[in-house]
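A quick write-up on the structure given underneath.
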Amino acid sequence: MNNTLLILKQEYLKRVKKKSFIILTILMPFLIAGVYGLVIYFSIKDDTEERTIAVYDATNLFLGEFSEEGTTNYHFIPKNEYETLKTNLKGSGYYGLLFIPSDIYSNNQAQLFSEKQLPFELTEQIERKLSRFIENDKRQKVIEESGIPDLEERLSKTRTSVNLSTLKVSQSGETKKSSSVVAFIASYAMGLLIYFFVFMYGAMVMRSVMEEKKSRIIEVIISSVKPSQLMAGKIIGTALVGLTQVAIWLVLGGIGLVVVQSLFFTPETAQQMGQSIMESQGQMNPAAMQAAQPNQVKEVMEMIGNLNLPLILFAFVFYFLAGYLLYSALLGAVGAAVDNDEDSQQMVFPVTFPLILSIMLLFPIAKNPEGPLAFWCSIIPFTSPVAMMARVPYEIPVWELLLSMGLLVLTTIVCIMAAAKIYRIGLLMYGKKVNIKELIKWLRYKG
């Protein structure tokens with residue numbers, strides 16, 4: 001036991017004292033926020049590329065509809081020019097060629113020619129223009145045929161936008177605001193974090209074992225330390241490194257939330273945001289402004305607070321530790337069994353395939369947490385660390401959570417015992433290419 005603690009301490013201190021650990025721990029939250037900020041920025045950034053689309057309108061109806069929009073210009077051309085451009089668009093100076101057929105009202109089809117793949121934003125813009133014109137034209141004809149003079153005004157008043165507020169009712173009858181969007185984002189983020197941590201720290205154990213084995217330091221270490229103690233020290237020490245990093249991130253996240261609340265949730269900022277919202281909607285009613293002061297960001301924070309955060313935090317720690325112990329034991333055994341990186345890559349994929357599969361299925365699981373796919377993935381131990389964390393924010397039945405935890409613990413114990421046997425045999429095995437058949441033979445050894 002003392003040897004295990006020594007290995008644990010050495011592994012822990014060796015990693016947390018590294019400059020890379022300190023820098024990564026401090027900068028990772030800002031890096032993630034920056035990456036998402038860039039994604040959002042570039043997704044909403046206006047396209048500045050100037051384009052000219054040649055338009056041949058066989059109906060002669062859409063001339064006023066296709067005016068300049070942003071950096072896209074539309075130039076109407078006659079039929080003979082259209083026939084020429086259709087077969088020879090290259091070098092014409094036009095970005096694309098739009099053909100509006102005479103039967104567009106009946107078949108709802110138009111054609112857009114281009115030399116290269118067109119951006120989604122441009123095609124969506126043209127589809128919107130065509131659809132809006134045809135819809136308005138058909139509605140106008142219906143209004144004229146009806147003979148009701150103010151029908152259009154009446155129809156405009158019937159347009160309704162419904163906002164659905166979701167409320168969660170507790171057993172005591174108390175209702176709290178909830179949000180399916182917030183729950184979905186939380187479930188997806190939790191599953192993604194578990195996958196990231198389990199894979200990253202499990203790989204750390206494997207690389208550490210491989211480095212010591214290749215440098216032959218392992219031969220000196222196991223002369224005074226049992227292989228099982230060495231494996232336990234490495235796994236637990238690296239797990240503590242991961243928990244330390246998560247704890248620091250939680251503290252930084254809590255500080256960030258306090259700062260955001262102090263900056264944006266004051267009465268003055270709430271009033272300003274309420275006024276800006278009402279001004280943008282063209283409604284300057286003072287009573288309406290006052291009602292709009294509780295801004296959407298604050299409501300989102302309330303919805304996050306209404307999630308079962310203690311259960312989510314407990315489940316996160318449990319599935320992180322259990323999933324990490326499961327996969328780090330298996331990856332540690334792989335590191336002890338192989339001699340080079342090529343062999344390790346071949347062995348790692350079968351071991352980590354269930355984990356990779358769980359992250360591939362994370363979106364449909366978070367989208368439908370009560371479906372059969374979500375249920376079975378959260379029960380099977382090799383996929384449950386990711387899948388179950390994607391379901392926990394939705395407050396699944398307790399028996400499903402307990403069954404998943406129990407099966408994961410039992411499977412982890414069995415895998416650790418098997419991995420310890422492979423680890424003990426493989427540490428001093430050199431020059432032999434190991435495959436699955438060889439590993440099964442090692443597991444059958446007695447003593």
Salt bridge flag under 4.0 Å for residues Glu124 and Arg128:
yes
Would you indicate whether the side-chain heavy atoms of Phe196 and Leu192 approach each other to under 4.5 Å?
no
Test of understanding: with side-chain contact (heavy atoms from CB on, under 4.5 Å), list the residues that count as partners of Leu410, not counting sequence neighbours.
none
Validation row: Thr383, Leu361 side chains within 4.5 angstrom (heavy atoms):
no
Mutual orientation of the aromatic rings belonging to Phe199 and Tyr195 [parallel < 30°, tilted 30-60°, perpendicular > 60°]
tilted
Should the ring pair Tyr82 and Phe113 be called parallel, tilted or perpendicular, given that the plane angle runs from 0 to 90° and is split at 30 and 60?
tilted
So how far is it from Ile380 CD1 to Ser378 OG, rounded to the nearest 0.5 Å?
9.0 Å
Rounded to the nearest 0.5 Å, how far apart are CD1 of Ile126 and CG of Leu112?
4.5 Å
Side chain proximity check, Met389 to Phe320, heavy atoms < 4.5 angstrom
no
Value rounded to 0.5 Å, distance of CD1 in Ile104 from CG in Asp57
8.0 Å
Please lay out, stage by stage, how Ile396 and Met388 fare under the test side-chain contact (heavy atoms from CB on, under 4.5 Å).
CA-CA 9 Å; Ile396 60 171; Met388 184 55 81; 3.1 Å; yes
Using the side-chain contact (heavy atoms from CB on, under 4.5 Å) criterion, which residues pair with Ala247? Sequence neighbours excluded.
none
Side chains of Cys415 and Thr411: does their closest heavy-atom pair fall under 4.5 Å?
yes
Student check: side-chain heavy atoms of Ile359 and Leu362 closer than 4.5 Å
yes
Examine Trp249 together with Phe316 and report whether their ring centres are nearer than 6.0 Å.
no
How close do Ile379 and Glu400 get, counting heavy atoms only, and between which atoms?
CD1-O, 3.8 Å
Any sub-3.5 Å donor-acceptor pair from Arg51's side-chain atoms to Thr72's backbone N or O?
no
Is there a donor-acceptor contact under 3.5 Å from the side chain of Ser114 to the main chain of Tyr95?
yes
Look only at the side chain of Tyr56 and the backbone of Asn80, and say whether a donor-acceptor pair between them is shorter than 3.5 Å.
no
Is there a side-chain contact between Leu331 and Thr352, using heavy atoms and a 4.5 Å cut-off?
yes
Do Tyr319 and Ser404 get their side chains close enough for a donor-acceptor pair, meaning under 3.5 Å?
yes
Ala337 and Ile422: which non-hydrogen atoms are nearest, and at how many Å?
CB-CG2, 4.3 Å
Side chain to side chain, Leu401 and Phe318, heavy atoms closer than 4.5 Å
no
Closer than 3.5 angstrom, by distance alone: can the side chain of Ser328 be matched with the main-chain N or O of Ile235 as a donor-acceptor pair?
no
Checking side chain to side chain contact (heavy atoms under 4.5 Å, CB included) against Leu321, which of Leu243, Val198, Ile236 comes through?
Leu243
Can a donor-acceptor pair be found, under 3.5 Å and without considering hydrogens, that links the side chain of Ser208 to the backbone of Met204?
no
What distance separates Glu83 CD from Phe99 CZ, expressed to the nearest 0.5 Å?
8.0 Å
d(Thr238 OG1, Tyr12 OH) to nearest 0.5 Å is 11.5 Å
Mutual orientation of the aromatic rings belonging to Phe62 and Phe133 [parallel < 30°, tilted 30-60°, perpendicular > 60°]:
tilted
Scan side-chain atoms only and decide if Tyr105 and Thr59 contain a donor-acceptor pair under the 3.5 Å cut-off.
no
To the nearest 0.5 angstrom, please state how far the CD1 atom of Ile100 sits from the CG atom of Leu61.
9.0 Å
Do the side chain of Ser358 and the main chain of Leu355 share a donor and acceptor less than 3.5 angstrom apart?
yes
Are any side-chain N or O atoms of Asn368 and backbone N or O atoms of Pro364, one a donor and one an acceptor, separated by less than 3.5 Å?
no
Nearest heavy-atom contact between Leu407 and Pro381 is O-CG, 3.7 Å
Nearest heavy-atom contact between Gly332 and Val205 is CA-CG1, 4.1 Å
Kindly write out the residues that satisfy salt bridge (charged side-chain N to carboxylate O under 4.0 Å, His left out) with Lys14, not counting sequence neighbours, or none if the list is empty.
Glu11
Return the minimal non-hydrogen interatomic distance between Leu130 and Ala110, and the atom names on each side.
CD1-CB, 3.9 Å
Taking all non-hydrogen atoms of both residues, which atom of Ile365 and which atom of Ala374 are closest, and how far apart?
CG2-CB, 3.8 Å
